[in-house]
Amino acid sequence: MISMAVPMLAGTFAMNAYNLTDTWFVSQLGTLPLAAMGFTFPVVMIMRCLLHGLGTGITTLVSHAIGRHDHDAAALITTRGILLSICATIVLMIIGYLTIEPVFAGLGADDETLPLIREYMTIWYAGAIFMALPMIGNGILISTGDSRSAARFMMLGTLLNLILDPIMIFGYFGIPTMGISGAALATIIAQALSMIWLFHLLTKKHRLLIFRRQREFPFAKTVWGILKIGIPSIISMMLMPISASVITKILGAYGNEAVAACGAAGRIEMFAFVIPMALGISLMPFVSQNFGAGRVDRVKEAITISTRFAM
């Protein structure tokens, strides 16, 4: 558990630095753009929870297969899981894009922030597929025990975002000034480049992405197996974005400055949780692999140790 969690500590730090980098550069544009980003926070969280829950189902089943030394099944689940994720993300992208104005107006955004929110979220939804696949693929990498590659992959995205943010937002090297939409575009490009490396790792290093029929096994059965674990995971995670939506709605009545301040503080607040997050990310594949191998004794021991450590 320690050997998996330590590399992930750098990865979770990088993952939180991603959001903080965007907030830092957007804050230099003024209060209104920062407030617009504050309004997007709960909606982005909801999207990520939905996709993360789906990823939990995929990661768990892949870990079970690896635990019982069935590589063919792990590859089948990975490939079909990614196809399912692409389909789910496309549906969420369309729904999200069509509901930008009513959703954010309902959260309390006014006529000043709504155009900025639309500007940011239009690009964000257009590139959501590049954010979904790295998040899901990262969990699959961890399920193989390759947390070092997963951490490097997360740090690569953060580094690229750090380089691209000022270029896209303020306009350097001949690129026009894009403002808040530049922050969204920088994130998409960084994630897209990271996704190329991720697919290389899954295909070449771990041989988990296959595009040929391996065995007779209904696609619907794989999907049901993923959803059976993913849906409860989504439900359990939705409390955080729902509460964030309620808080944002209340803050909206106090003005854009309050939303901007809370949004910025929320990015910094996440750094308080990097150590238990690193352990939690590593714990899921550890438990799943041992469950797949029939080692329930190790599962119980891992939960006991990690709970004491987190407390």
Side-chain angles (χ1 to χ4, degrees), residues 1-20 23 41-42 44-64 66-67 135-136 138-155 158 228-248 250 261-311:
M1 283 170 62
I2 291 171
S3 67
M4 289 175 70
V6 169
M8 286 313 301
L9 184 59
T12 51
F13 185 88
M15 187 169 59
N16 288 316
Y18 221 114
N19 293 324
L20 189 62
T23 303
F41 186 56
V44 170
M45 280 176 67
I46 287 172
M47 282 279 289
R48 284 183 174 163
C49 283
L50 290 168
L51 295 168
H52 190 272
L54 200 60
T56 299
I58 298 165
T59 302
T60 303
L61 293 184
V62 171
S63 299
H64 285 175
I66 291 171
M135 182 168 60
I136 290 164
N138 191 53
I140 295 168
L141 275 182
I142 297 167
S143 72
T144 66
D146 193 4
S147 59
R148 289 183 185 277
S149 290
R152 291 191 197 106
F153 161 74
M154 292 161 79
M155 287 188 285
T158 302
K228 197 161 59 172
I229 297 169
I231 290 172
S233 177
I234 291 168
I235 293 169
S236 68
M237 288 189 293
M238 285 301 283
L239 181 62
M240 189 180 292
I242 289 171
S243 64
S245 300
V246 173
I247 291 167
T248 303
I250 295 169
C262 190
R267 302 305 201 271
I268 297 169
E269 184 185 77
M270 293 303 295
F271 284 93
F273 303 106
V274 291
I275 293 176
M277 275 175 69
L279 180 64
I281 291 169
S282 304
L283 184 64
M284 185 173 68
F286 183 91
V287 168
S288 300
Q289 283 186 21
N290 281 283
F291 185 83
R295 291 297 305 272
V296 181
D297 57 317
R298 296 190 76 201
V299 172
K300 290 178 179 177
E301 187 178 7
I303 292 170
T304 302
I305 291 169
S306 58
T307 303
R308 287 175 181 170
F309 175 80
M311 288 181 70

Drop me the distance from [X]'s [atom1] to [Y]'s [atom2], to the nearest 0.5 angstrom.
X      : Y      : atom1 : atom2 : result
Phe41  : Ile247 : CZ    : CD1   : 10.0 Å
Leu61  : Thr56  : CG    : OG1   : 11.0 Å
Ile229 : Thr60  : CD1   : OG1   : 5.0 Å

- Closest non-hydrogen atom pair between Ile136 and Ile58, with its separation: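 So the two residues come closest at CG2-CD1, 3.8 Å.
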- Task: Would you mind listing every side chain to side chain donor-acceptor pair (under 3.5 Å) that reaches into residues 296-311, with sequence neighbours excluded?
- Result: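 Residue pairs with at least one partner in residues 296-311: Asn290-Arg298, Arg295-Asp297.
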Under the side chain to side chain contact (heavy atoms under 4.5 Å, CB included) rule, collect the residues that match up with [X], sequence neighbours excluded.
X      : answer
Leu54  : Leu84, Ser85, Ala88, Ile226, Leu227
Ala302 : Met1, Leu283, Phe286
Met237 : Cys49, His52, Ser233

- By side chain to side chain donor-acceptor pair (under 3.5 Å), which residues pair with Ser245, not counting sequence neighbours?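 In terms of side chain to side chain donor-acceptor pair (under 3.5 Å), with neighbours along the sequence ignored, Ser245 is linked to no residue.
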- Query: If you look only at pairs with a residue in residues 277-288, which of them pass as a salt bridge (Lys or Arg N to Asp or Glu O under 4.0 Å), with sequence neighbours excluded?
  - Reply: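 Sorted result for residues 277-288: empty, none.
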- Expected output: side-chain Ser243 to main-chain Met240 donor-acceptor under 3.5 Å: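 Yes.
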